[in-house]
Amino acid sequence: MTVFSLVLLTYFMVVSGFVYDVIVEPPGIGSTQDPATGAVRPVVFLPGRVNGQYIIEGLSSGFMFVLGGIGIVLLDLALDKNRARSVKVSYAIAGISSVVIAYVMTTLFVRIKIPGYLR
């Protein structure tokens, strides 16, 4: 379990852009001014730049990738023949939910990041 935790933590750091964040030192979140009211609004996703990111953007995307991976692990655990049926059903429901949530949110992140992509 310790090795799995270390591998999962390393995976999270790699897919969330930890190395990019250390080298480039981007801001945590950005801001934009609303043209109608003049109020400053926080921006989590750096729009229009595929090769750039804010820190929160990378962490949230990395979390969604890890959530999808954990969902696949839960689906694998649901196939174990030595578990009770109720536990297998619970693992399957949690796994499917995790994979679906991760997919939908990652697709949403891509649509925010690149407007008009795949439409």
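None of these values were measured; they are calculated from a predicted model. Sequential numbering from 1 along the given sequence is applied to the chain's residues.
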Is the count of non-hydrogen atoms from other residues, nucleotides or ligands lying under 6.0 Å from Tyr20 atom OH greater than 12? yes
Arg83: partners by salt bridge (Lys or Arg N to Asp or Glu O under 4.0 Å), with sequence neighbours left out: Asp80
Which heavy atom of Thr106 sits nearest a heavy atom of Phe65, and at what distance? CG2-CE2, 3.6 Å
Do Ile70 and Val89 belong together in a cluster built from hydrophobic side chains that touch within less than 4.5 Å? no
What pairs with Tyr11 under ring-ring contact (aromatic ring centres under 6.0 Å, His included), at least two apart in sequence or on another chain? none
Is there a side-chain contact between Val3 and Val7, using heavy atoms and a 4.5 Å cut-off? yes
Linked, directly or transitively: Ile56 and Val14 (ILVMFWY side chains, under 4.5 Å): no
Sort and list the pairs that fulfil salt bridge (Lys or Arg N to Asp or Glu O under 4.0 Å) and have at least one residue in residues 44-61, not counting sequence neighbours. Glu57-Lys113
My understanding is that only residues two or more places apart in sequence, or in another chain, count here; which of them pass salt bridge (Lys or Arg N to Asp or Glu O under 4.0 Å) with Asp34? none
Pick one: which of Val110, Ile112, Val104 meets side-chain contact (heavy atoms from CB on, under 4.5 Å) with Leu108? Ile112
Which heavy atom in Ala92 sits nearest to a heavy atom in Ala78, and how many Å separate them? N-CB, 3.7 Å
Atom pair CD1/CG of Ile55 and Asp21 - distance to nearest 0.5 Å: 5.0 Å
Grab the two heavy atoms, one from Gly95 and one from Leu74, that are nearest each other, plus how far apart they are. CA-CB, 3.8 Å
Which distance, rounded to the nearest 0.5 Å, do you find between the CZ of Phe18 and the OG1 of Thr10? 11.0 Å
Can you name the closest pair of heavy atoms from Lys81 and Lys88 and give their distance? CA-NZ, 4.5 Å
Hydrophobic clustering (ILVMFWY, side-chain heavy atoms < 4.5 Å, transitive) - are Val87 and Ile93 grouped together? no
Please answer: with hydrophobic residues joined when any side-chain heavy atoms are less than 4.5 Å apart, are Phe63 and Val19 in the same cluster? no
For the student: nearest non-hydrogen atoms of Tyr91 and Leu77, plus distance: CD1-CB, 3.8 Å
Could you pull out all residues at least two apart from Ile72 that satisfy side chain to side chain contact (heavy atoms under 4.5 Å, CB included)? Val99
Could you state whether Ile96 and Val66 fall into the same hydrophobic cluster, counting links through intermediate Ile, Leu, Val, Met, Phe, Trp or Tyr residues with side-chain heavy atoms under 4.5 angstrom apart? no
Closest heavy-atom pair and its distance - Val40, Ser31: CG1-CB, 3.7 Å
Quick one: are Phe12 and Leu59 in side-chain contact, heavy atoms under 4.5 Å? yes
Is any side-chain heavy atom of Gln53 closer than 4.5 Å to one of Leu46? no
The criterion is ring-ring contact (aromatic ring centres under 6.0 Å, His included); which residues satisfy it with Phe45, sequence neighbours excluded? Phe109
